[in-house]
Amino acid sequence: MRLGLHLGYWGRGPDPRHLELAREAERLGYDSVWTAEAWGSDAFTALTWIGAHTSRIKLGTGIVQMAARTPTATAMHALTLDHLSGGRLLLGLGLSGPQVVEGWYGRPFPKSPLTATREYVDVIRQVLRREGPVTSDGVFHPHPYRGPDGTGLGKPLKAITHPLRDRLPVLLGAEGPKNIAQTTRIADGWLPLYWSPQRTDVYRASLAGAPDGFVIAPMARALVCADVAEGLLPVKAMLGFYIGGMGHAARNFHADLMARMGFEEEARRVQRLFLEGRKEEAVRAVPDAFADEISLVGPRERIAERLELWRAGPVSDLLVTAPDPHTLRVLAELNS
């Protein structure tokens, strides 16, 4: 199982620790470093900065939101950064949810998310293969555009720049069972939001068709500490925000996923409290058991024992969010 460092997205501003954590991860032999975006900082710029200050570690977007860019614009970002980094990019994509797509990006959430995702990935693959001009009869991403408000002058185009790699890895952040199953058919890997090594049966059917070499790269908070309950507080805060704040009461993919993992009553309670404005109560209502299952928190001996559960399953890459070099070093030693 390879290790990666996931830095997430910025909050109020850039985290001054991120670059040094990325450099330390590279020194320790981590395979990849990842950035994210929500409705603030973007993923590509921060990743480019990290790429300029490292030399070997792979550079992953975890995740780039599809609504933020057309598929050709995303492909341009990808082929540019792949060239500048010497072929180190891992392109992680995600659809996000209606609240973000419509509220932040000002675009309609697709009525058929699976079709929209499939079209988006197909256009990116065409750009990177550069076998001919990009064409698509898709509903959501037609090329050229043929809508009634267009000029009719659109012309199929082929990328001027020759991509460094025509098979640059594409990974998808998917949560629903059908979306995960489609990911095994159209992508090179999957970026699970939550993964419990004790509940891998939740995903077994969706992953049944995964080909050899398919990447499964979940994110997990990691912290070497003496007090497990205190160490889990950031995990619970993250879960409270995702389950309660990143979605509508009637359509929240993150809450639905927690429910499928065996915590339905707790997920709905967290969601209700958050939407009522009782955010601190929502965080406290996140079950310690669930937060603990999807993270690696506690003394070194405890983390070593739990890490074996992750290594025994189908996970190929563990992307850790670790706030300090000591935790990174301990995980590298335990995983060697």
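Among residues two or more places apart in sequence or in another chain, the side-chain contact (heavy atoms from CB on, under 4.5 Å) test is passed with P197 by W195, L309, W310. Here E266 pairs with nothing under the side chain to side chain donor-acceptor pair (under 3.5 Å) rule; sequence neighbours left out.
Separation of atoms CG (L328) and OH (Y30) is listed at 4.5 Å; rounding is to 0.5 Å. Taking CD1 of I243 as the start and CZ of R268 as the end, the distance is 9.5 Å to the nearest 0.5 Å. Separating the CG atom in L191 from the CG atom in L172 is a distance of 7.5 Å, to the nearest 0.5 Å. The structure places CZ of R300 at 11.0 Å from CG of L307, a figure rounded to the nearest 0.5 Å.
Listed by first and then second residue, the salt bridge (charged side-chain N to carboxylate O under 4.0 Å, His left out) pairs that reach into residues 188-209 are R125-D188, R167-D188, R199-E293, sequence neighbours excluded. Counting only residues at least two apart or in different chains, salt bridge (charged side-chain N to carboxylate O under 4.0 Å, His left out) contacts with residues 6-29 comprise D15-R17, E20-R23, E24-R27, E24-R329. Identified under the ring-ring contact (aromatic ring centres under 6.0 Å, His included) test for residues 138-188, with sequence neighbours left out: Y120-H141.
Below 30°, between 30° and 60°, or above 60°: for Y194 and F290 the angle between ring planes is above 60°, a perpendicular geometry.
L59 is listed as a side-chain neighbour of V33, based on a closest heavy-atom distance under 4.5 Å. Counting only heavy atoms from C-beta outward, the side chains of P163 and L168 never approach each other to under 4.5 Å. Inter-residue side-chain proximity for M66 and S96 is flagged as unmet; no heavy-atom pair is nearer than 4.5 Å. Side-chain atoms of V202 and S196, non-hydrogen and from C-beta on, never get closer than 4.5 Å to each other. Contact check for I294 versus L239: side-chain heavy atoms found under the 4.5 Å cut-off. Side-chain atoms of N335 and L318, non-hydrogen and from C-beta on, never get closer than 4.5 Å to each other.
Under a 3.5 Å cut-off, the side chain of R165 and the backbone N or O of L89 do form a donor-acceptor pair.
Taking all atoms of both residues into account, the shortest heavy-atom contact from A174 to I180 is O-CG1, 3.8 Å.
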Can you list the steps and then say if L207 with I216 is a side chain to side chain contact (heavy atoms under 4.5 Å, CB included)? CA-CA 10 Å; L207 293 172; I216 299 176; 3.9 Å; yes
Residues H77, V64; criterion side chain to side chain contact (heavy atoms under 4.5 Å, CB included); working and verdict: CA-CA 11 Å; H77 279 294; V64 160; over 6 Å; no
Show the atom names and distances, to 0.1 Å, of all donor-acceptor pairs under 3.5 Å that link a side chain in residues 217-233 to residues at least two apart or in another chain.
| from | atom 1 | to | atom 2 | distance (Å) |
| --- | --- | --- | --- | --- |
| D227 | OD1 | A229 | N | 3.1 |
| D227 | OD1 | E230 | N | 3.1 |

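Within 6.0 Å of the CD atom in E276, the count of heavy atoms belonging to other residues, nucleotides or ligands exceeds 12.
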